Number of protein chains: 2
Amino acid sequence: MFKELDPLLHSQLRLAVISLLIGLEEADFTFIKEKTGATSGNLSVQIDKLEKAKYISVVKTFKGKRPLTTCRITTEGISAFEKYVSNLKTYLNK
Amino acid sequence: MFKELDPLLHSQLRLAVISLLIGLEEADFTFIKEKTGATSGNLSVQIDKLEKAKYISVVKTFKGKRPLTTCRITTEGISAFEKYVSNLKTYLNK
DNA sequence: ATAAATTAGTTTATATTATAAACCAAATAT
DNA sequence: ATATTTGGTTTATAATATAAACTAATTTAT
């Protein structure tokens with residue numbers, strides 16, 4: 001009937017981050033923050049969770065003299081997202 | 001870009017309840033409990049929230065000598081669900 | 001040169017939410 | 001008579017999300 005929804009993806013902000021990265025393959029912290037409208041603090045926390053789950057990889061470098069946090073989705077993240085979307089559909093068929 | 005997801009519906013159990021009621025127009029507590037696999041306590045709480053938001057109406061009667069809690073979706077509930085689904089799509093287009 | 005403001009975040013505290021455990025009342029089964 | 005089941009509710013706890021406060025360095029303005 002209703003399939004389980006991965007709690008890691010069933011969060012507005014984390015879902016937005018993953019959704020963004022699915023289309024882009026790479027995005028930095030500030031860009032994600034702008035596109036999602038999240039606060040830095042919330043985004044920082046949620047990116048951390050996605051990274052710990054290996055749904056995204058995070059690389060911290062410098063752009064000139066400033067820190068730059070770059071995120072990419074992993075293959076694990078892609079398949080988790082695809083499964084989430086497929087399971088979600090069990091809730092949406094009116 | 002990403003549309004706001006109604007937090008009342010962005011919950012696995014409450015979404016399942018609404019999704020069920022959209023198709024059925026009427027269902028009792030026990031039936032919903034079976035279909036969703038929820039615990040009674042959790043279901044009781046979530047039904048309460050949906051009722052307080054006027055997304056569903058709840059009528060308590062007796063079936064023979066036993067209590068019977070019957071739920072129906074309201075027009076407000078239907079349009080909230082439709083909006084939720086439509087907003088959700090902004091997250092799903094890979 | 002120094003102070004103020006901005007960038008790019010992290011950490012921590014708090015509010016909200018979800019879930020489970022404990023409970024209740026009545027009915028039915030042993 | 002008492003044990004179990006039905007149909008829930010209430011309350012306590014765990015998990016989550018969010019915001020506020022903070023850090024550290026960089027620009028920009030004075």
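Convention: sequence-line order gives letters A, B, ...; per-chain numbering from 1. Side chains included, hydrogens not; waters and symmetry mates left out as well; all remaining heavy atoms used. None of these values were measured; they are calculated from a predicted model.
- Taking atom CG of B:Leu9 as the reference point, atom P of C:dT17 lies 13 Å away to the nearest angstrom.
- Taking 4.5 Å as the limit, some side-chain heavy atom of B:Tyr55 sits within range of a side-chain heavy atom of B:Leu9.
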- Query: How would nucleotides 10-18 of chain D be written as a contact map, 5' to 3', with B for base contact, S for sugar-phosphate-only contact and - for no contact, using protein heavy atoms under 4.0 Å?
  - Reply: B-----SSB
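- Under the 4.5 Å side-chain criterion, counting only non-hydrogen atoms from C-beta, B:Leu8 is not in contact with B:Tyr84.
- Within the 4.5 Å cutoff, the side chain of B:Asp28 has no heavy atoms near those of the B:Cys71 side chain.
- Rounded to an integer number of Å, the gap from B:Phe62 CZ to C:dA27 C1' is 12 Å.
- Residues B:Glu4 and B:Asn87 approach most closely at O-ND2, 2.9 Å, considering heavy atoms.
- In this structure, CZ of B:Arg66 is placed 7 Å from P of D:dT6, rounded to the nearest angstrom.
- In this structure, the CG atom of A:Leu5 is 13 Å from the P atom of C:dA18, given to the nearest Å.
- Taking only side-chain nitrogens and oxygens, B:Thr30 comes nearer than 4.0 Å to OP1 or OP2 of D:dG8.
- When the salt bridge (Lys or Arg N to Asp or Glu O under 4.0 Å) test is applied to B:Arg72, the partners found at least two apart in sequence or on another chain are B:Glu26.
- Contact detail for A:Met1 and A:Thr90: the closest heavy-atom pair is O-CB, 3.4 Å.
- Computed from coordinates, the A:Asp28 CG to C:dG9 P distance equals 7 Å when rounded to whole Å.
- Rounded to whole Å, the distance from NZ on A:Lys33 to P on C:dT6 is 13 Å.
- Remark: C1' of D:dT27 and NZ of A:Lys63 are 14 Å apart, rounded to the nearest angstrom.
- Spacing between atom CG of A:Leu68 and atom C1' of C:dT7 amounts to 12 Å, rounded to whole angstrom units.
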